[in-house]
Asks: 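Below: one structure in structure tokens.
We count ligands from 1, going down the list as the structure has it; atoms in each ligand are counted the same way. By convention here, the first residue in the shown sequence is residue 1. For the numbers below, each heavy atom of this structure counts, side chains included, while hydrogens, waters and symmetry mates do not.
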Amino acid sequence: MSETAKSRAATLAHLRGVKLAKGDPVSLPLTMTTTFHLPGSPAGVSQYGRYDNPTWEAVEDMLGHLEDAPSVAFPSGMAAIAAVFFALLKAGDRILLPSDGYYTPRLLAERFLKPLGVSFDTRPTKSFVDGGFSGFRLVFVETPSNPGLDICDLAGVARLAHEAGALVVADNTTMTPYGQRPLDLGADIVVAADTKAPNGHSDALFGHVASRDAGIITAIREWRKLSGSIPGPFEAWLVHRGLETLEVRFECMCRSAELIARRLTNHRAVKSVRFPGLEDDPSHNLATTQMERFGFLVGLDLGSEARAEAFIGACALIQPATSFGGVHSSAERRARWGDAVPPGFVRLSVGCEPVEALWQAIEASLARG
Ligand SMILES: *Cc1c(COP(=O)(O)O)cnc(C)c1O
């Protein structure tokens with residue numbers, strides 16, 4: 001991790017502390033209220049729970065510090081993505097989505113943007129810049145793509161998209177602000193599902209939008225206030241607690257993922273491995289130029305549905321579950337949701353277990369297949 005990332009992590013732990021008055025609680029209070037004491041003129045203070053809440057604001061402070069950009073919290077990653085689309089697009093706009101990224105933004109575009117007059121095209125992440133971006137109002141990238149772990153050149157996309165007059169939105173869910181910094185590489189907007197590693201304990205859905213463009217942030221805040229797409233204070237409180245340990249968890253997960261990916265490439269039961277940190281991975285050269293860490297997701301192809309399911313089911317230290325980024329390692333066969341990956345492709349999310357114990361469990365399960 002870079003020195004700036006380390007100093008960002010160090011000050012994150014004290015963001016709240018430096019603002020405390022004598023006698024204030026050191027830990028963040030959970031503020032469950034719909035309304036605030038408001039006699040007379042309502043200006044300048046908290047008014048109503050759909051407009052603001054001190055627990056979300058504390059999370060937004062942390063996210064803003066991590067992103068180095070104003071950040072707006074949402075009740076899920078998809079709520080954050082939907083906010084970007086609905087706050088910034090209008091009839092007649094055309095947008096570009098990755099064909100191999102998280103599938104729900106494509107479904108949202110098909111089902112709800114199209115009838116409002118916003119059309120969309122899709123392109124594979126690994127050839128995302130091919131063809132340029134002329135005619136698009138907004139270009140949405142997800143790198144590495146989930147689940148295939150292909151990569152596109154964020155700075156290159158930003159340069160070409162800006163020349164074409166398009167906004168660049170990066171879904172940075174798989175990497176977190178510690179692993180990759182799309183705004184520093186030229187993206188206009190970051191969206192992320194804090195449901196994953198930032199919360200990290202598989203017990204709250206959450207999301208955020210970050211941008212250094214004041215006009216964009218104002219529109220996103222207005223969308224949240226008027227549409228009512230607000231996070232619950234309790235979820236915000238959980239995410240606040242999760243963010244306090246994100247750096248240590250993320251470091252541990254990335255380190256373990258790299259070690260496990262290397263060992264998997266040499267295992268006879270494994271047909272192929274995708275991990276951007278492996279020198280012979282198709283994503284590696286580009287990954288080293290734009291990623292601060294290589295992430296904690298490993299893709300492995302075990303050759304058949306039966307072998308993949310047997311591996312996931314028999315491993316004592318892998319939770320069979322969808323989603324990723326929790327303290328527990330988890331895995332699933334993504335073809336079961338219709339993702340365009342081979343039937344034996346497993347997305348492994350490496351957790352915080354001591355790595356040698358995790359490797360032994362993985363090896364034992366592969367040996368059984
Ligand atoms: C999970 C995920 C989302 C959606 O997040 P939710 O909190 O489930 O709405 C969006 N993008 C990516 C890349 C994801 O993995």
Asks: Any idea which protein heavy atom is nearest atom 4 (C) of ligand 1, and the distance to it?
Replies: Tyr102 CE2, 3.4 Å
Asks: Can Thr174 be said to touch ligand 1, with heavy atoms closer than 4.0 Å?
Replies: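 Not so, Thr174 does not reach ligand 1.
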Asks: Is the closest side-chain heavy-atom distance between Thr322 and Arg334 below 4.5 Å?
Replies: yes
Asks: Give the atom numbers and elements of ligand 1 that come within less than 4.0 Å of a heavy atom of Leu205.
Replies: 7 (O), 8 (O)
Asks: What's the shortest distance from atom 7 (O) of ligand 1 to any protein heavy atom, and which residue and atom give it?
Replies: Thr195 OG1, 2.6 Å
Asks: Can you tell me the protein heavy atom closest to atom 5 (O) of ligand 1 and the distance?
Replies: Ala193 CB, 3.1 Å
Asks: Among all protein non-hydrogen atoms, which one is nearest to atom 13 (C) of ligand 1, and what is the separation to 0.1 Å?
Replies: Asp171 OD2, 3.4 Å
Asks: So, is Gly77 polar-close to ligand 1, with some N/O to N/O distance under 3.5 Å?
Replies: yes
Asks: Atoms of ligand 1 less than 4.0 Å from Phe324 heavy atoms?
Replies: 15 (O)
Asks: Do side-chain atoms of Glu60 reach the backbone of Ala73 as a donor and acceptor pair under 3.5 angstrom?
Replies: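 Between the backbone of Ala73 and the side chain of Glu60 there is a qualifying donor-acceptor contact (under 3.5 Å).
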Asks: Is it true that a side-chain atom of Arg123 and a backbone atom of Phe128 form a donor plus acceptor pair closer than 3.5 Å?
Replies: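 Yes; at least one donor-acceptor contact below 3.5 Å.
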Asks: Any idea how Trp237 and Phe234 line up, ring-wise: parallel (<30°), tilted (30 to 60°), or perpendicular (>60°)?
Replies: parallel
Asks: Side chains of Val59 and Phe206: does their closest heavy-atom pair fall under 4.5 Å?
Replies: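 In short, these two side chains touch, coming nearer than 4.5 Å.
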Asks: What atoms of ligand 1 come closer than 4.0 angstrom to any heavy atom of Met78?
Replies: 4 (C), 5 (O), 6 (P), 9 (O)
Asks: Find the distance between OG (Ser76) and CD1 (Ile81) and round it off to the nearest 0.5 Å.
Replies: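 If I round to the nearest 0.5 Å, the distance is 8.5 Å.
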Asks: Is there a polar contact, in the sense of an N or O pair closer than 3.5 Å, between Glu142 and ligand 1?
Replies: no
Asks: Which of the atoms of ligand 1 are close to Asn146, meaning less than 4.0 Å from one of its heavy atoms?
Replies: 13 (C), 15 (O)
Asks: Taking the six-membered ring for Trp, are His284 and Phe294 closer than 6.0 Å centroid to centroid?
Replies: yes
Asks: Please report whether the ring centroid of Phe86 lies less than 6.0 Å from that of Trp223.
Replies: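 Centroid separation for Trp223 and Phe86: below 6.0 Å.
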Asks: Give the residue, atom name and distance (to 0.1 Å) of the protein heavy atom nearest atom 15 (O) of ligand 1.
Replies: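 Answer for atom 15 (O) of ligand 1: Lys196 NZ, 2.7 Å.
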